[in-house]
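Counting starts at 1 for both ligands and their atoms, following the listed order.
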Amino acid sequence: MLMSGGAKAIEALLPGALEHWAEAGAAKIPLPSGVVSYTPGGWHRQWPAAHYLIACSRDLLDQHVRDIVLADPRIRLLDKTGVRALTGSAQRVTGVRVASREGLEWCIDADLVIDASGRDSNTVNWLAALGITGIRERHIASTLVYASRTYQAPARNNGAPLVQIATAPHTPGPRQTGTLIPIERGRWQVSLAGTGSGAPSEAKDAFVPFALQLPHPMIGQLIARAAPLTDVQVSDATGSSRRYFEDARHWPEGLVVLGDATATYNPLYGQGMSVAALHARALFHTLARMQLHAPGTARTAQKAIARLTEAAWSLSTSQDALYPHAANAAPSLADRAKGRYLNRLSQAAATSAQAAATLTQVTALEASPARLLKPSMLLAAGLGRWRRPLAYPPLTDAQRAVVNFADHPEP
Ligand SMILES: Cc1cc2nc3c(=O)[nH]c(=O)nc-3n(C[C@H](O)[C@H](O)[C@H](O)COP(=O)(O)OP(=O)(O)OC[C@H]3O[C@@H](n4cnc5c(N)ncnc54)[C@H](O)[C@@H]3O)c2cc1C
């Protein structure tokens with residue numbers, strides 16, 4: 001899923017992307033009203049939508065971005081070719097050394113090198129080879145395992161809402177979640193996640209039982225009647241890590257690092273792609289303001305990227321702090337305090353439209369987490385939840401007909 005903050009950033013850089021995705025079947029799901037969400041205690045109330053997320057397969061999302069980018073005659077893709085090193089000096093990066101699969105190596109000169117090579121980026125080592133060392137890093141390992149599988153929805157279930165089921169923060173035992181996302185061509189992308197002894201496995205016949213034993217069985221009941229289209233794909237690349245390039249004592253001209261190469265987040269919050277897109281837009285804005293070769297341009301861009309990373313990082317690590325047993329390192333005091341505050345706000349959002357709107361704006365990456373500290377939000381957090389959650393899911397008549405919830409009595 002791609003949050004509206006990220007979708008808007010991509011649309012600003014690559015006009016037409018939203019339309020391409022929609023034509024190919026991606027759904028624009030309103031937030032928070034389009035998500036049916038359950039935690040022990042009940043179903044969350046729904047509020048009018050101001051934001052959205054794009055729900056589709058990763059292949060669809062990537063394919064259309066690639067098509068738009070490669071339609072630009074100024075862009076040339078070197079297929080099956082990898083970067084092996086940076087060229088230049090500690091003062092200025094002047095290009096990269098690349099290698100083909102056949103083992104051919106050559107150098108490419110560049111005015112600006114952008115590292116967007118993801119979580120396994122080698123830039124820290126490549127910088128060291130140029131004499132720039134001491135990049136601070138932080139890694140928070142996680143015991144969370146993420147298992148996903150794609151299903152063909154039965155025709156009568158076509159039009160099901162996005163469903164999220166999760167254990168509550170601070171409850172004993174492993175953290176577990178399930179998400180069913182309706183994607184293109186009447187399919188469901190189902191993700192199950194759990195920590196420690198509560199982790200899902202890649203066994204095909206364990207997938208539905210895992211979904212059925214979540215705090216509410218709705219996802220399990222839906223997929224029990226659907227045809228699986230893929231095997232179960234399991235990922236334990238769920239830790240959070242961050243490289244503080246912006247704090248380097250010395251930063252070369254001509255190099256910018258963005259996306260997962262700067263930071264990765266717990267995938268449960270679905271923000272990595274959006275943050276990468278916001279990084280790219282921040283770079284675009286910096287280059288619109290500053291000369292490419294002017295001293296400090298790369299560093300200015302790196303600092304702008306870091307501000308966006310910090311917002312997403314603080315949101316994700318403070319939510320993780322609500323489940324301290326899920327990480328291999330104890331959360332810091334600050335993360336724990338932020339986590340407790342976020343938990344109060346989530347409870348307030350169950351009964352306050354205004355708290356829900358601001359919280360959604362921040363989690364959809366459309367506003368900085370600083371918004372969560374405005375006086376009305378402090379008041380909302382103080383009041384907490386003052387109405388009980390719903391006993392039944394807040395489905396529209398159309399959704400109710402699709403999910404046929406009458407078949408599924410409350411557990
Ligand atoms: C299980 C899981 C589920 C997730 N779900 C979501 C979600 O729902 N929503 C969301 O927003 N995010 C999600 N994420 C996070 C998201 O996948 C990443 O944040 C996002 O892909 C980062 O984009 P990127 O371009 O920085 O890196 P990547 O997408 O990793 O792309 C890096 C690219 O660089 C290439 N590359 C690497 N090294 C080199 C080299 N030396 N030379 C040349 N090319 C190289 C790689 O082949 C790759 O194509 C999820 C992550 C995981 C693990």
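In Ser117, the parts holding a heavy atom less than 4.0 Å from any atom of ligand 1 are both the side chain and the backbone.
Atoms of ligand 1 lying under 4.0 Å from any heavy atom of Gly270, numbered from 1 in the order shown and given with element: 7 (C), 9 (N), 10 (C), 11 (O). In summary, the atoms of ligand 1 found under 4.0 Å from a heavy atom of Pro267, numbered by their order in the structure, are 2 (C), 3 (C), 4 (C), 50 (C), 51 (C), 52 (C). Proximity to Ala237 (heavy-atom distance under 4.0 Å) selects the following atoms of ligand 1: 53 (C). Interface atoms of ligand 1 facing Ala116, defined by a heavy-atom separation under 4.0 Å, are 32 (C), 33 (C), 34 (O).
Put simply, atom 21 (O) of ligand 1 has protein non-hydrogen atoms near it, under 4.0 Å away. For atom 13 (C) of ligand 1, the protein comes within 4.0 Å by no heavy atom at all.
Glu105 has a carboxylate O that lies under 4.0 Å from a charged side-chain N of Arg97, or vice versa, which qualifies the two as a salt bridge.
Aromatic ring centres of Trp251 and Phe245: separated by under 6.0 Å. For Trp43 and Tyr38, the gap between ring centers is short of 6.0 Å.
Taken to the nearest 0.5 Å, the CG atom of Leu315 stands 8.0 Å off from the OG1 atom of Thr317.
No side-chain N or O of Thr167 forms a donor-acceptor pair with one of Gln176 less than 3.5 Å apart.
Ligand 1 lies nowhere less than 4.0 angstrom from a heavy atom belonging to Arg84.
Each salt bridge (Lys or Arg N to Asp or Glu O under 4.0 Å) pair with one or both residues in residues 116-131, not counting sequence neighbours, would appear here, but there are none.
Of the options Gly118, Ala277, Ala263, the smallest heavy-atom separation from atom 27 (O) of ligand 1 is shown by Gly118.
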